[in-house]
Amino acid sequence: MIPTLDAADELPDTLAALAGSALIREIIISDGGSRDDTVAISRAAGACVVDAARGRGPQLIAGAAAATGDWLLFLHADCRPAAGWEEAVAAFISRPEGSERAGYFSFALDDPEPAARRLERIVAWRCRAWGLPYGDQGLLIARSLYDAVGGFAPIPLMEDVDIVRRLGRRRLVPIPAPIICSARRYRREGYLRRPLRNLLCLSLYFAGVPPRRIVRLYG
């Protein structure tokens with residue numbers, strides 16, 4: 001399930017990474033009103049397109065409601081699972097306790113710069129120390145567990161932080177495969193400025209600032 005908004009430039013690579021997988025029963029695109037070719041690209045790839053209210057939380061909720069499988073895989077449009085993801089996901093699902101856990105991929109950027117490697121190490125540390133993977137790392141979760149924790153909240157931002165906090169560290173498990181994310185925002189805004197902005201947004205959220213206000217700062 002992929003929430004989209006004017007994602008025509010990056011979505012094709014993500015759809016290509018999922019195409020032909022025996023694990024994927026359906027690809028659902030939950031679109032928040034794209035004005036580019038996002039919807040046309042999605043339909044051409046055989047995806048089911050759902051119209052949703054703009055905002056990642058509402059879009060993820062709408063996509064999950066349209067899904068028919070026992071397992072849900074939530075991805076960002078600019079983040080694609082890398083080679084080996086199918087074997088890693090199949091192993092996760094086959095575990096006896098798999099349906100009681102949620103999985104996330106290791107974060108990687110499509111940028112050869114040393115700054116990208118430093119950020120990847122910081123993200124890995126955040127996941128180990130804080131148990132806080134973000135939505136760009138994907139979320140693999142059984143429908144039963146998704147429903148049990150109440151699903152995503154209808155908020156425009158921080159929906160990923162909200163759900164992983166409700167899941168708790170005990171139920172979060174790293175999937176041993178990378179997900180390759182676009183470094184576009186980091187290249188545009190800088191490998192210092194963008195992470196600091198993300199940290200500020202997270203701090204404001206923890207301080208109780210409503211996500212509808214934080215989203216203006218996030219950009």
Side-chain angles (χ1 to χ4, degrees), residues 1-4 7 10-29 45-47 56 60 63-64 67 69-146 149 152 159-161 163-164 167-186 195 198:
M1 212 300 297
I2 304 172
T4 56
E10 287 134 348
L11 182 61
D13 287 342
T14 301
L15 293 175
L18 302 174
S21 171
L23 294 176
I24 303 295
R25 174 186 297 180
E26 58 194 357
I27 299 176
I28 297 174
I29 302 297
R56 284 210 302 249
L60 288 164
D70 294 330
W71 284 86
L72 305 172
L73 176 60
F74 297 97
L75 299 171
H76 284 188
D78 60 351
C79 299
R80 63 188 187 278
W85 73 270
E86 291 179 89
E87 294 81 0
V89 166
F92 183 96
I93 291 173
S94 67
R95 295 176 183 173
E97 74 281 7
S99 62
E100 300 173 2
R101 303 284 189 271
Y104 61 91
F105 297 100
S106 59
F107 177 78
L109 289 165
D110 62 352
D111 190 340
E113 291 298 318
R117 305 291 82 76
R118 288 193 293 269
L119 182 57
E120 291 167 1
R121 290 192 291 269
I122 290 171
V123 170
W125 174 84
R126 186 192 69 220
C127 294
R128 289 193 306 270
W130 294 359
L132 198 61
Y134 287 172
D136 53 11
Q137 294 174 255
L139 183 69
L140 175 66
I141 186 170
R143 163 71 75 176
S144 57
L145 180 56
Y146 175 84
V149 299
F152 284 101
E159 81 297 330
D160 48 359
V161 174
I163 196 170
V164 300
L167 283 164
R169 294 184 62 167
R170 183 181 61 83
R171 292 190 290 195
L172 288 168
V173 179
I175 297 171
I179 189 166
I180 310 299
C181 299
S182 170
R184 173 179 50 86
R185 287 190 176 187
Y186 296 102
N198 292 346

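Everything quoted here is computed from the prediction, not taken from an experiment.
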Worksheet entry | Cation over ring face, Arg126 and Tyr134, 6.0 Å, 45° |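 Arg126 over Tyr134 ring: yes.
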
For residues [X] and [Y], determine if any side-chain heavy atom of one lies less than 4.5 Å from a side-chain heavy atom of the other.
{"X": "Asp136", "Y": "Asp160", "result": "no"}
{"X": "Pro178", "Y": "Phe105", "result": "no"}
{"X": "Tyr186", "Y": "Pro195", "result": "yes"}
{"X": "Phe74", "Y": "Ile141", "result": "yes"}
{"X": "Arg101", "Y": "Phe92", "result": "yes"}
{"X": "Thr4", "Y": "Leu11", "result": "yes"}

Worksheet, complete the sentence: Distance col, row His76:NE2 vs Glu10:CD, nearest 0.5 angstrom, shows 12.0 Å

Fill in: Pairwise distance CH2(Trp85) to CG(Leu23) - rounded to 0.5 angstrom
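The CH2 atom of Trp85 sits 5.5 Å away from the CG atom of Leu23.
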
Checking the side chain of [X] only, and the main-chain atoms of [Y] only, is there a donor and an acceptor separated by less than 3.5 Å?
{"X": "Arg80", "Y": "Pro12", "answer": "no"}
{"X": "Glu120", "Y": "Leu109", "answer": "yes"}
{"X": "Asp70", "Y": "Arg143", "answer": "no"}

Item to complete: Over all heavy atoms of both residues, which pair between Pro81 and Ile179 is shortest? Give the atoms and the distance, please.
Response: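 Taking every non-hydrogen atom into account, N-CG1, 3.9 Å.
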
Practice prompt. Of all the heavy-atom pairs spanning Arg169 and Trp130, show the shortest one and how long it is.
Written response: CD-O, 3.9 Å

